[in-house]
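Below is one structure, written out as structure tokens, with a few remarks after it.
Lettering of chains follows the sequences in order, A, B, ..., and the numbering in each one begins at 1. All figures in this text were calculated on a predicted structure; none of them were measured in a lab.
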Number of protein chains: 2
Amino acid sequence: MNIGQVARLSGLPAKTIRYYEDIGLIRPQRSENGYRSFRETDLHKLGFLGRARSLGFSIEDCRSLLELYGDEDRASADVKSIAQGHLHKIDAKIAELTAMRATLAHLIHCCAGDHRPDCPILADLAVSHDTGSGE
Amino acid sequence: MNIGQVARLSGLPAKTIRYYEDIGLIRPQRSENGYRSFRETDLHKLGFLGRARSLGFSIEDCRSLLELYGDEDRASADVKSIAQGHLHKIDAKIAELTAMRATLAHLIHCCAGDHRPDCPILADLAVSHDTGSGE
DNA sequence: CCTTGATCTTCCAGTTGCTGGAAGCCCTAT
DNA sequence: ATAGGGCTTCCAGCAACTGGAAGATCAAGG
């Protein structure tokens, strides 16, 4: 299979597939004309990568997961550990965004949003706050 | 004021302040020796930038907000519009992360996490799903 | 056989928002 | 004079691609 077909089947852009080869996630063979020649296992790995990435795993996590996937003697604890680490990062990010969202939504609510210049959003950004326990 | 003091007062790294000058967010004067010389207004702007960034506004949003902040004839609607656009992006991001989190937490819950190789996390990543209405 | 257009190749640059480091000048204190 | 800190510039790198240029290859049509 050439890269175009693999891109169609895997749903990944050809550019991304080349990039994954560059960084050593996959190692497709080459035809005599220099074209990449993908086997079923390559396609399978790309699907794996696409799904792992869509769950937000970093490329390095994906590399580890792919390695564990190919290791018959893996311990599921190693996989679980990676997933839990990622889950913690997601939770931290959600918490951060939720805090931003709350402040932002409040400011937006307070802003008339008309032709006048008075704006509580700008007023808030203009003064320093303490990060502490305000109500 | 030199950059070190401004960094201390604003809480922003000196590198970041230089970067903000590079991209034209601030325009500190220069002393005769070539050092940046910050006025109160520069410090104020840097505080504004720090707070806007901490709410997750992009640099380009910050540029617009700073411009509106300095424009006595602004309409608060313009500020509100930027903030609302940003809020939508945050909401989209939260939704994306929450969906990831749900899938990931489920998989983690299903994984024994012991010395054995059987792992529902890897099993899930290994097969293609439809994005549709599964339960 | 030749041309056209799609597909493939490599390589370089750009994205976002900084951050680290090198090389070198300036300033103060001893 | 020298040591140290702070300041300057510029270049590289992070994550994970993405876009584009320049050129080879292939399949189909006239």
Report summary line: Going 5' to 3' through nucleotides 1-15 of chain C and flagging B where a protein heavy-atom sits under 4.0 Å of the base, S where only the sugar-phosphate is that close, and - otherwise, we get ------BSBBB----
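Residues from residues 83-104 of chain B lying near DNA chain D, meaning a heavy-atom separation below 4.0 Å, are absent. Within residues 46-55 of chain A, the residues approached by DNA chain D to less than 4.0 Å at the level of any non-hydrogen atom are A:Arg53, in residue-number order.
At whole-Å resolution of the value, CG in B:Asp22 and P in C:dT19 are 14 Å apart. Residue A:Ile23 contributes atom CD1, which lies 13 Å from atom C1' of D:dC14 at whole-angstrom precision. Atom CG of B:Leu25 is separated from atom C1' of C:dT16 by 13 Å (rounded to the nearest Å). The distance from atom OH of B:Tyr19 to atom C1' of D:dT9 is 17 Å, rounded to the nearest whole Å.
Applying the 4.0 Å criterion to OP1 and OP2 of D:dC17, one finds that A:Tyr20 has a side-chain N or O inside that range. Side-chain N/O atoms of B:Ser58 include none lying less than 4.0 angstrom from OP1 or OP2 on C:dT16.
Cluster membership check: A:Leu9 does not share its hydrophobic cluster with A:Tyr35, using side-chain heavy-atom separations under 4.5 Å among Ile, Leu, Val, Met, Phe, Trp and Tyr.
Using a 4.0 Å cut-off between charged side-chain N and carboxylate O, B:Arg27 and B:Glu21 make no salt bridge. Salt bridge annotation for A:Lys93-A:Glu96: present, with a cationic side-chain nitrogen under 4.0 angstrom from a carboxylate oxygen. In this structure, A:Arg116 pairs ionically with A:Asp114, as a charged nitrogen and a carboxylate oxygen lie closer than 4.0 Å. Ion pairing of A:Lys45 with A:Glu67 is absent here, as no side-chain N (NZ or NE/NH1/NH2) approaches a carboxylate O to less than 4.0 Å.
More than 12 heavy-atom neighbours from other residues, nucleotides or ligands sit within 6.0 angstrom of CZ on B:Arg39.
For A:Glu32, the side-chain contact (heavy atoms from CB on, under 4.5 Å) test picks out no residue, with sequence neighbours left out.
Taking five base pairs at each end of the helix from C:dC1-D:dG30 to C:dT30-D:dA1, the local helix axes there meet at an angle of 40°, rounded to 10°.
Applying the ring-ring contact (aromatic ring centres under 6.0 Å, His included) test to pairs two or more places apart or on separate chains, those with a residue in residues 49-85 of chain A are A:Phe48-A:Tyr69, A:Phe57-A:His86.
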